[in-house]
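Everything on this sheet refers to the single structure shown next.
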Amino acid sequence: MGSPLHRERTAVGNNGTRPHVREVDWFSLASVLFLLLLAPFIVYYFIMACDQYGCSLTAPVVDLATGRARLADIWAKTPPVTKEAAQLYALWVTFQVLLYSALPDFCHKFLPGYVGGVQEGAVTPAGVINKYEINGLQAWLITHLLWFANSHFLSLFSPTIIFDNWIPLLWCANILGYTVSTFAMIKGYFFPTNAKDCKFTGNFFYDYMMGIEFNPRIGKWFDFKLFFNGRPGIVAWTLINLSFAAKQRELYGQVTNAMVLVNVLQAIYVLDFFWNEAWYLKTIDICHDHFGWYLGWGDCVWLPYLYTLQGLYLVYHPVQLSTPHAAGVLLLGLLGYYIFRMANHQKDLFRRTDGRCLIWGRKPRVIECSYTSADGRRHHSKLLVSGFWGVARHLNYTGDLMGSLAYCLACGGGHLLPYFYIIYMTILLTHRCLRDEHRCASKYGGDWARYTAAVPHRLLPGIF
Ligand code: NDP
């Protein structure tokens with residue numbers, strides 16, 4: 001018996017393979033429909049609120065409720081897709097595809113400690129080990145070098161180009177997000193990369209959102225998950241922030257310290273992502289989630305538009321923080337980043353060395369555990385009970401949340417909109433923590449219970 005949410009069984013597929021089949025309960029289905037219908041409007045609402053209402057989240061509702069504006073008025077003031085934005089977006093995605101698929105990594109040849117080039121992912125449920133070309137850092141560096149070359153020497157386009165086309169680009173991002181999700185669904189049914197790693201529920205909406213294929217690929221190397229998760233959204237993240245900073249300078253003649261803080265703290269997070277791209281192959285997104293609208297549309301639209309709200313807000317509200325406030329934000333951001341990185345590093349080191357390492361200068365405390373995989377084989381693993389993993393069971397998420405809060409606090413207290421990120425991340429990571437712990441409890445049984453007894457709290461020692 002599985003969880004009340006997903007009762008799993010297997011079935012023999014048309015082609016003789018054994019895809020996973022899940023029954024979807026009404027709550028999961030309702031959540032899926034809710035997100036499919038609402039998420040695009042949430043993104044539109046936030047961006048429109050900045051464009052038309054100075055980033056007030058309540059003013060559009062008040063205007064509509066009091067009859068001062070009609071939906072048609074708001075829509076009429078929304079910029080449509082333009083030829084310039086479509087060309088810009090097509091060029092951007094094509095460039096990232098080329099950097100991803102046509103330029104093998106050379107950074108690992110000269111950057112000490114950087115793991116790039118061809119790397120292996122985790123074993124999939126069907127027992128496949130995929131190979132990946134890890135070249136995200138290189139793509140990020142080349143893209144940003146070109147951006148700086150243009151801003152300082154070439155002047156082929158204005159660095160405000162992203163801000164100036166922000167809403168027309170939103171339509172392009174949506175077109176790509178829906179196209180790739182729909183393509184992934186069709187591909188999952190008719191020409192999957194690995195049929196044994198497909199998951200069907202028979203419910204169209206659930207399959208569309210959560211995905212059918214585990215690791216859809218085109219050819220040997222073009223991996224949908226790695227490409228869409230990392231680029232074009234995350235490479236764009238820092239460029240979008242730079243464009244917002246350039247707009248601030250154009251409008252007010254200066255870049256405020258709040259904008260600098262948001263740019264710097266988020267750039268550290270993005271660079272960390274690319275520096276550790278090989279490690280990322282072992283995270284939940286790549287190891288457990290299938291590729292559907294949730295990842296496809298989410299990476300194309302949700303991430304670049306909602307993760308960058310602080311920079312956008314600061315274009316409309318050029319907040320200049322007092323020195324103690326700015327120092328506090330910087331400290332919180334760096335401390336959060338430190339905990340996030342070190343917690344992830346400790347687990348990675350522990351697993352890579354099979355526990356033969358030092359954590360905080362000592363031999364780590366370990367819980368030996370075992371589990372049975374789908375093919376009935378018995379495996380052994382270890383859970384780390386030292387370092388950050390002995391303080392709470394998901395301190396890496398806590399560090400991430402501290403960093404997220406720092407970005408928001410950089411925007412002062414004038415509006416709710418820039419705080420969306422910390423609200424969203426708290427929901428995302430708490431849900432992820434519960435989902436992961438549920439999976440670990442099913443996987444390790446009594447061994448997981450020993451871990452939760454040794455480390456009783458999830459995110460905040462003594463509280464949760
Ligand atoms: P984790 O890196 O925390 O991985 C969880 C897995 O680690 C578990 O399923 C289990 O896997 C293993 N594990 C759990 N406890 C232990 C332990 N004590 N010792 C050894 N192994 C253990 O989760 P994620 O992949 O979700 O997150 C990775 C990072 O990415 C996090 O820092 C998170 O904050 C960040 N992130 C950021 C997002 C964003 O949008 N900004 C979104 C999602 C994540 P196993 O089955 O191998 O035992």
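First listed ligand is number 1; within each ligand, the first listed atom is number 1.
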Ligand 1 N/O within reach of [X] N/O, cut-off under 3.5 Å:
| X | answer |
| --- | --- |
| Arg432 | yes |
| Tyr421 | no |
| Arg393 | no |
| Leu384 | yes |
| Asp400 | yes |
| Trp279 | no |
| His288 | no |
| Arg351 | yes |

Q) Given Asp436 and Lys443, is the salt bridge (Lys or Arg N to Asp or Glu O under 4.0 Å) satisfied, shown in steps? A) CA-CA 10 Å; Asp436 184 52; Lys443 181 176 174 183; over 6 Å; no

Just need the protein heavy atom nearest to [atom], so name the residue and atom and give the distance.
| atom | result |
| --- | --- |
| atom 1 (P) of ligand 1 | Asn396 ND2, 3.6 Å |
| atom 48 (O) of ligand 1 | Tyr444 OH, 2.5 Å |
| atom 25 (O) of ligand 1 | Ile284 N, 2.8 Å |
| atom 2 (O) of ligand 1 | Lys347 NZ, 3.4 Å |
| atom 41 (N) of ligand 1 | Tyr269 OH, 2.9 Å |
| atom 16 (C) of ligand 1 | Leu383 CD2, 3.6 Å |
| atom 46 (O) of ligand 1 | Lys443 NZ, 2.6 Å |

Measure the [atom1]-[atom2] distance between [X] and [Y] for me, rounded to the nearest 0.5 Å.
| X | Y | atom1 | atom2 | value |
| --- | --- | --- | --- | --- |
| Trp26 | Leu33 | CH2 | CG | 12.5 Å |
| Leu409 | Tyr419 | CG | OH | 4.5 Å |
| Cys369 | Lys382 | SG | NZ | 9.0 Å |

If the plane angle is over 60° it's perpendicular, under 30° parallel, otherwise tilted; pick one for [X] and [Y].
| X | Y | value |
| --- | --- | --- |
| Tyr316 | Phe163 | tilted |
| Tyr451 | Trp448 | perpendicular |
| Tyr421 | Tyr424 | tilted |
| Tyr305 | Trp166 | parallel |
| Tyr269 | Phe340 | tilted |

Check each atom of ligand 1 against the heavy atoms of [X] and keep those under 4.0 Å away; list them by number with element.
| X | answer |
| --- | --- |
| Tyr451 | 18 (N) |
| Arg439 | 8 (C), 9 (O), 11 (O), 45 (P), 46 (O) |
| Cys440 | 8 (C), 9 (O), 10 (C) |
| Met425 | 39 (C), 41 (N) |
| His394 | 3 (O) |
| Leu428 | 40 (O), 42 (C) |
| Thr283 | 25 (O), 28 (C) |

Would a distance-only check, ignoring hydrogens and angles, find a side-chain to backbone donor-acceptor pair under 3.5 Å from [X] to [Y]?
| X | Y | value |
| --- | --- | --- |
| Thr160 | Lys247 | no |
| Glu120 | Asn130 | no |
| Ser181 | Gly296 | no |

Among Asp436, Leu303, Ile339, Leu401, closest by heavy atom to atom 5 (C) of ligand 1 is Asp436

Judged by heavy atoms only, the candidate from Tyr397, Trp389, Phe350, Tyr307 nearest atom 23 (O) of ligand 1 is Tyr397

Can you see whether [Y] has [X] sitting over its ring - NZ or CZ less than 6.0 Å from the centre and within 45° of the normal?
| X | Y | answer |
| --- | --- | --- |
| Lys225 | Phe291 | no |
| Arg341 | Trp279 | yes |
| Arg458 | Phe464 | yes |

Backbone, side chain, both or neither: what part of [X] comes under 4.0 angstrom of ligand 1, heavy atoms only?
| X | answer |
| --- | --- |
| Tyr280 | neither |
| Cys287 | neither |
| Val385 | neither |
| Asn344 | side chain |

Would you say that more than 12 heavy atoms from the other residues, nucleotides or ligands in this model lie under 6.0 Å from the CZ of Phe205, or not? no

**Request:** Under the ring-ring contact (aromatic ring centres under 6.0 Å, His included) rule, what do Phe388 and Trp360 come out as? Steps first, then yes or no, please.
**Result:** CA-CA 9 Å; Phe388 288 110; Trp360 286 351; 5.0 Å; yes

- Query: Is the closest heavy-atom distance from Lys282 to ligand 1 below 4.0 Å?
  - Reply: no

